[in-house]
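Only heavy atoms go into these numbers, but all of them, side chains included; no hydrogens, no water, no symmetry mates.
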Amino acid sequence: MKLIALLVLLWHGALWTVQEATPVDPASSLPPSFLLKCLEQVRKIQADGTSLQERLCAVHKLCHPEELLLLGHSLGISQAPLSSCSSQALKLVDCLSQLHSGLFLYQGLLQALAGISPEVAPSLVPLQLDIADFATNIWQQMEDLGMTPSGEPTGSPMPTFTSAFQRRAGGVLVASNLQSFLELTYRALRFLTQP
């Protein structure tokens, strides 16, 4: 009888050790309220970005970002990567860091568009504020989880616009790139909300 009790204790102890050694899925450490708030923020920023695109199209007849890609390369308008957020290679810490860095990049790009035109400028302000709120939300969650990278992200060099047309074309490209970034962000967040 003592042997059976000893075996049960050893088995229970071994099972406990295995459970402790099993890594916790980092996605499960994200509160559902955080994920839902992020999804809501993405949709809000997408609506703001769509508003900016519509104004650029209506006011300046710049409606097709694909026609401006070559100009975008020469202006140095970069696109934020989200490679760590794909469902195949999801690394939570890296994904949150890339999300934050991408939002930081788009904040800078939108600031570079200041003075785009009086008709379009009102669309920039809510977009900038919503991106700043989303970036702050991501950063706070990273801090809560003890995952903050050392320091703020370093920004890419911002484009310099030498003409009103370049600034407006840059606005179309930034808005288009931002929409692509947000669509990938939304997919990654939806993936994280799945059990």
Side-chain angles (χ1 to χ4, degrees), residues 22-57 63 65-66 72 77-113 120-156 170-195:
T22 305
V24 175
D25 176 21
S28 67
S29 59
L30 290 174
S33 60
F34 165 74
L35 292 169
L36 292 174
K37 182 176 182 181
C38 287
L39 288 168
E40 190 177 297
Q41 287 177 303
V42 167
R43 288 298 181 207
K44 174 86 171 87
I45 296 168
Q46 283 179 318
D48 293 343
T50 299
S51 172
L52 175 62
Q53 286 177 310
E54 288 170 354
R55 280 188 183 234
L56 284 163
C57 183
C63 305
E66 60 278 358
I77 296 175
S78 53
Q79 197 162 6
L82 279 178
S83 55
S84 295
C85 296
S86 72
S87 58
Q88 293 82 19
L90 181 70
K91 297 175 190 156
L92 185 62
V93 175
D94 295 340
C95 179
L96 290 176
S97 183
Q98 276 189 333
L99 282 174
H100 186 265
S101 295
L103 292 167
F104 189 77
L105 169 71
Y106 287 111
Q107 279 181 299
L109 289 169
L110 290 169
Q111 286 172 355
L113 295 175
V120 176
S123 296
L124 286 176
V125 175
L127 188 55
Q128 289 173 310
L129 292 173
D130 289 338
I131 288 174
D133 285 346
F134 190 22
T136 300
N137 190 24
I138 296 285
W139 187 262
Q140 286 174 342
Q141 187 61 45
M142 290 170 67
E143 281 182 342
D144 290 348
L145 296 172
M147 304 183 198
T148 51
S150 56
E152 287 285 323
T154 56
S156 300
V172 171
L173 292 167
V174 168
S176 176
N177 289 352
L178 177 60
Q179 293 293 48
S180 297
F181 175 80
L182 291 170
E183 190 54 44
L184 291 173
T185 299
Y186 188 82
R187 287 185 201 157
L189 292 169
R190 292 287 300 163
F191 178 76
L192 289 171
T193 60
Q194 297 172 358

Using every non-hydrogen atom in the two residues, find where [X] and [Y] come nearest and quote the distance to one decimal.
X      : Y     : result
Leu192 : Leu35 : O-CD1, 3.7 Å
Leu173 : Pro65 : CD2-O, 3.6 Å
Leu109 : Ser78 : CD1-O, 3.9 Å
Ser84  : Gln98 : N-OE1, 2.9 Å
Phe181 : Leu99 : CZ-O, 3.7 Å

From [X] [atom1] over to [Y] [atom2], what is the distance, rounded to the nearest 0.5 angstrom?
X      : Y      : atom1 : atom2 : result
Leu52  : Leu178 : CG    : CG    : 9.0 Å
Met147 : His100 : CE    : NE2   : 14.0 Å
Ser51  : Ile45  : OG    : CD1   : 13.5 Å
Leu36  : Leu30  : CG    : CG    : 11.5 Å
Ile77  : Ser176 : CD1   : OG    : 10.5 Å
Lys91  : Leu96  : NZ    : CG    : 14.0 Å

(request) Spell out, as yes or no, whether a donor-acceptor pair under 3.5 Å connects the side chain of Ser101 to the backbone of Ser97. (result)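 Yes: the side chain of Ser101 pairs with the backbone of Ser97.
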
(request) Could you tell me whether a side-chain N or O of Thr50 sits under 3.5 Å from a main-chain N or O of Gln46, the two making a donor and an acceptor? (result)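 Looks like yes, one N/O pair under 3.5 Å.
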
(request) Taking atom CZ of Arg43 as the centre, report whether more than 12 heavy atoms of other residues, nucleotides or ligands fall under 6.0 Å from it. (result)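 Yes, enclosed.
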
(message) So for atom CD, which belongs to Glu40, do other residues, nucleotides or ligands contribute more than 12 heavy atoms lying within a distance under 6.0 Å?
(response)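 Open.
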
For a quick test of your reading: what N or O donor-acceptor pairs under 3.5 Å do the side chains of residues 120-137 make, sequence neighbours left out?
| unit_1 | atom_1 | unit_2 | atom_2 | d |
| --- | --- | --- | --- | --- |
| Ser123 | OG | Arg55 | NE | 2.9 |
| Asp130 | OD2 | Lys44 | NZ | 3.3 |
| Thr136 | OG1 | Ala132 | O | 2.9 |
| Asn137 | ND2 | Gln41 | OE1 | 2.8 |

(request) Identify, with sequence neighbours excluded, every residue that meets disulfide bond (SG atoms under 2.5 Å apart) alongside Cys85. (result)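 Cys95.
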
(message) Is any side-chain heavy atom of Leu182 closer than 4.5 Å to one of Gln179?
(response)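 In contact.
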
(request) Decide yes or no for Gln79 and Tyr106: does some side-chain heavy atom of the first lie under 4.5 Å from some side-chain heavy atom of the second? (result)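 Yes, side chains in contact.
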
(request) With sequence neighbours excluded, tell me which residues meet side-chain contact (heavy atoms from CB on, under 4.5 Å) with Phe191. (result)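 Phe191: side-chain contact (heavy atoms from CB on, under 4.5 Å) contacts with Ser87, Leu90, Gln194.
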
(message) Phe34 and side-chain contact (heavy atoms from CB on, under 4.5 Å): which single residue from Leu145, Asp144, Ile138 fits?
(response)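 The option that passes is Ile138.
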
